[in-house]
Amino acid sequence: MQIGKGERISLPLAWLVIVPGGMAMLLRFGDGIDDWLAYVIMAGAAIATGLFPLEFRNISVSFQQWLLIAIFLRFGAGAEVLASQLVVLASVLFSKSALPPVHRFVINSLIFFVSSVFAAGVFFLAGGMTGSSSVSHVIGFGLLYTVAHLAANHLCLYADSKWFGRPYHFRSRETLWDGASLLVIFPFGVAAYFMERTFGPTGLIPILIPFFIALVFAGRYNTSEGVNRRLESASKTGYELAGRLNSEELIRLFIHRIRQTQGADVVYLIESSEGRLLATNAWESDTLTKNPRHLLFADKDRNGFGWIRPSVYGTVREWKKELPFSMPEGIESVMIAPLLNEEELSGYVVTGAYRRHLFTREDVQIFDLLCTHFTVSLEKVRYVENAASHSERCPLTGLHNYRWFERELDRRVRNVNGGVLSRLSLIILDIDHFKRLNDTYGHQSGNDILVSLAAILEKETHGKGEVARFGGEEFVILLPGWWKEEAVAFAERLRKYIDDSVFEIRPDLGAERKKEFVGITASFGVANVPEDTDEPMDLLRNADRALYVGGKQSGRNKVGVYQG
């Protein structure tokens with residue numbers, strides 16, 4: 001998380017001016033601590049409670065305030081402020097956060113100190129007294145103190161959001177949970193106060209033990225519920241991924257779900273190809289891209305690196321020591337998981353976030369599960385795509401076949417009719433006297449000619465349109481955006497190119513298959529959408545009619561143009 005220069009200076013200065021001197025004054029002029037054993041037990045229990053917050057639907061709720069209430073009612077404001085500062089220090093030392101530790105301590109120390117002083121001021125100005133034996137007095141003024149402390153805490157958070165831009169919303173689930181926690185905090189706090197007042201330090205044991213047992217069980221239940229929810233979400237994502245039959249769509253969905261479930265700012269898909277690792281897809285700079293710019297491998301690692309297990313890193317210092325690549329500036333938290341295809345490494349998925357310690361060990365387990373779902377789905381999709389590709393290719397020439405052409409023709413014509421495409425020209429061509437070639441030299445020689453002609457057509461149409469084998473000795477060329485006159489000129493160039501070419505064959509009708517060279521010619525037909533029609537099959541029929549009327553019947557080796 002980025003911290004502005006003004007904040008780095010102003011907050012520590014405010015802390016130095018307010019907290020140390022304020023604590024000293026409260027301790028010096030306050031009631032004082034007359035039973036250190038009881039105080040140590042209560043403060044220690046408050047620290048322990050603060051280290052184990054509960055998570056409710058991604059909202060963290062801490063219950064240490066119940067003992068701070070008891071400390072305040074028993075020993076006064078100075079003792080409570082000292083205990084609350086110890087709670088803050090312990091939470092900074094033993095828990096992780098997006099903020100740097102020192103900065104985090106300064107912020108929370110200030111908020112706790114101001115809240116405690118404000119709540120104590122409200123308590124005493126209203127006529128409250130610490131150390132009271134009156135049940136009604138303790139409950140009434142204790143509740144006033146607790147509510148004032150909660151209000152002051154949220155006012156401090158609001159001020160922090162206005163001054164430094166950290167997110168805070170008063171009308172939020174976090175505020176509701178804080179308010180609801182008073183139903184637990186206040187009764188236990190009052191009970192702890194009276195137990196200590198009546199029985200001394202040992203009186204705290206009967207309330208501390210069941211509270212911590214309940215806290216542990218609630219924490220474990222809460223953790224298991226959270227894991228179950230995330231596993232359920234991961235399972236739903238797995239079903240979503242399995243339902244995709246297009247690899248690009250699958251990759252987009254996977255990256256989106258990783259961002260959604262993990263809260264990542266960047267996501268990189270690294271694939272292994274011919275022994276090299278390459279970032280092929282990513283979410284970076286708030287956009288999906290196939291040309292990632294900010295994940296860079298070190299020169300020595302361009303051809304791969306050692307196996308990396310599913311791992312999580314909380315700071316930039318941690319992941320830079322372990323990972324052999326760089327990421328966008330400012331990325332702190334990182335997770336990485338391998339992509340395994342039948343126990344062979346096929347790549348990695350890497351996520352990153354600008355917040356420190358965003359990801360946990362539970363996160364990386366869910367992340368690894370999602371990567372497994374993705375690997376299985378991607379393998380299936382690529383198998384389906386490969387099978388579809390073979391079903392839409394001519395096995396002899398390698399060109400698209402009629403099945404592909406029919407679907408593509410329909411799509412292109414719909415684009416013209418819908419205004420997506422301005423026009424579409426179609427060229428159909430047929431080899432002249434192809435049966436005579438087969439009868440003279442054999443069918444294998446005919447196949448050789450088809451393969452050579454397909455190569456010429458694919459080369460000449462590259463970057464201009466799409467060519468397909470229509471069937472037998474016929475080929476079709478789709479030219480999106482071409483005027484009919486342009487298509488006619490292109491067909492004429494192809495006709496002349498074929499007429500001027502020689503084709504190598506090895507006749508299979510004789511005793512010896514000696515190499516020979518033959519020449520061929522082809523006739524062409526041209527039609528256009530929307531000039532000649534606005535229907536796919538009519539366009540094909542019009543081009544075919546132009547082929548036979550203007551090409552074949554006019555003497556062959558000619559370009560026929562459909563005239564509606």
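Values below: every heavy atom of this structure, side chains too, minus hydrogens, waters and symmetry copies.
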Salt bridge flag under 4.0 Å for residues [X] and [Y]:
{"X": "Glu473", "Y": "Lys435", "answer": "no"}
{"X": "Arg411", "Y": "Glu408", "answer": "yes"}
{"X": "Asp265", "Y": "Arg355", "answer": "no"}
{"X": "Arg541", "Y": "Asp538", "answer": "yes"}
{"X": "Glu240", "Y": "Arg257", "answer": "yes"}

Shortest non-hydrogen separation from [X] to [Y] and the atoms involved:
{"X": "Ala337", "Y": "Cys371", "value": "CB-SG, 3.9 Å"}
{"X": "Pro507", "Y": "Glu516", "value": "CG-OE2, 3.5 Å"}
{"X": "Tyr268", "Y": "Pro328", "value": "OH-CG, 3.3 Å"}
{"X": "Lys552", "Y": "Ile431", "value": "NZ-O, 3.6 Å"}
{"X": "Ala491", "Y": "Ile427", "value": "CB-CD1, 3.9 Å"}
{"X": "Ala527", "Y": "Asn542", "value": "CB-CB, 3.8 Å"}

If we ignore hydrogens and angles and just use 3.5 Å, is the side chain of [X] paired with the main-chain N or O of [Y] as donor and acceptor?
{"X": "Glu332", "Y": "Val316", "answer": "yes"}
{"X": "Lys236", "Y": "Glu232", "answer": "no"}
{"X": "Gln260", "Y": "His256", "answer": "no"}
{"X": "Thr287", "Y": "Trp283", "answer": "no"}
{"X": "Asp430", "Y": "Ser523", "answer": "no"}
{"X": "Asp499", "Y": "Lys496", "answer": "no"}
{"X": "Thr461", "Y": "Lys464", "answer": "no"}
{"X": "Asn417", "Y": "Asp534", "answer": "yes"}
{"X": "Thr533", "Y": "Leu539", "answer": "no"}
{"X": "Asp432", "Y": "Asn557", "answer": "yes"}

Derivation and outcome, salt bridge (Lys or Arg N to Asp or Glu O under 4.0 Å), residues Glu474 and Arg469: CA-CA 6 Å; Glu474 287 186 310; Arg469 186 182 178 191; over 6 Å; no
For residues 469-488, pull every pair meeting ring pair (Phe, Tyr, Trp, His ring centres under 6.0 Å), keeping only residues two or more places apart or in separate chains.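 Ring pair (Phe, Tyr, Trp, His ring centres under 6.0 Å) check on residues 469-488 returns Tyr402-Phe470, Phe405-Phe470, Trp482-Phe490.
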Quick one: pull up [atom1] in [X] and [atom2] in [Y] and give me the separation to the nearest 0.5 Å.
{"X": "Ile449", "Y": "Ile498", "atom1": "CD1", "atom2": "CD1", "value": "11.5 Å"}
{"X": "Leu424", "Y": "Arg412", "atom1": "CG", "atom2": "CZ", "value": "7.5 Å"}
{"X": "Phe434", "Y": "Thr521", "atom1": "CZ", "atom2": "OG1", "value": "12.5 Å"}
{"X": "His400", "Y": "Cys394", "atom1": "NE2", "atom2": "SG", "value": "11.5 Å"}
{"X": "Thr360", "Y": "Phe367", "atom1": "OG1", "atom2": "CZ", "value": "12.5 Å"}
{"X": "Ser377", "Y": "Leu245", "atom1": "OG", "atom2": "CG", "value": "10.0 Å"}

Heavy-atom side-chain proximity of [X] to [Y] below 4.5 angstrom:
{"X": "Pro530", "Y": "Val416", "answer": "yes"}
{"X": "Phe374", "Y": "Leu370", "answer": "no"}
{"X": "Phe325", "Y": "Ile336", "answer": "yes"}
{"X": "Lys320", "Y": "Tyr313", "answer": "no"}
{"X": "Val350", "Y": "Val267", "answer": "no"}
{"X": "Arg407", "Y": "Glu392", "answer": "yes"}
{"X": "Thr315", "Y": "Glu318", "answer": "yes"}
{"X": "Leu429", "Y": "Leu547", "answer": "no"}

Strictly by modelled atom types, are Glu271 and Thr280 linked by a side-chain donor-acceptor pair under 3.5 Å?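 A donor-acceptor contact under 3.5 Å links the two side chains.
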Ser445 and Asp448 side chains, donor-acceptor separation under 3.5 Å: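 No.
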With Leu339, which of Leu269, Leu378, Ile270 fulfils side chain to side chain contact (heavy atoms under 4.5 Å, CB included)?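 The single option meeting the side chain to side chain contact (heavy atoms under 4.5 Å, CB included) with Leu339 is Leu269.
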Asp544 pairs by side chain to side chain contact (heavy atoms under 4.5 Å, CB included) with which of Leu426, Ile428, Val549?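 That would be Ile428.
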Is atom CZ of Phe517 surrounded by more than 12 heavy atoms (other residues, nucleotides or ligands) closer than 6.0 Å?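 Yes - once you tally the heavy atoms of other residues, nucleotides and ligands closer than 6.0 Å, there are more than 12.
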Looking at Arg545, I want to see if its CZ is surrounded by more than 12 non-hydrogen atoms of other residues, nucleotides or ligands under 6.0 Å.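 No, the 6.0 Å shell around CZ holds no more than 12 heavy atoms from other groups.
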Could you go through the side-chain contact (heavy atoms from CB on, under 4.5 Å) check for Ile505 and Lys515 one step at a time? CA-CA 6 Å; Ile505 62 172; Lys515 180 168 60 177; over 6 Å; no
For the pair Val518 and Tyr441, evaluate side-chain contact (heavy atoms from CB on, under 4.5 Å) and give the outcome as yes or no after the intermediate values. CA-CA 10 Å; Val518 298; Tyr441 301 106; 3.6 Å; yes
Between His373 and Leu369, does the side-chain contact (heavy atoms from CB on, under 4.5 Å) criterion hold? Intermediate values first, please. CA-CA 6 Å; His373 283 306; Leu369 178 62; 4.0 Å; yes
Which pairs with one or both residues in residues 484-494 pass salt bridge (charged side-chain N to carboxylate O under 4.0 Å, His left out), sequence neighbours excluded?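 The answer is Lys484-Glu531, Lys484-Asp532, Glu492-Arg495.
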Start with the C-alpha gap between Thr289 and Glu284, add the side-chain angles, then the distance that decides, and say whether side-chain contact (heavy atoms from CB on, under 4.5 Å) holds. CA-CA 7 Å; Thr289 177; Glu284 63 176 15; 4.1 Å; yes
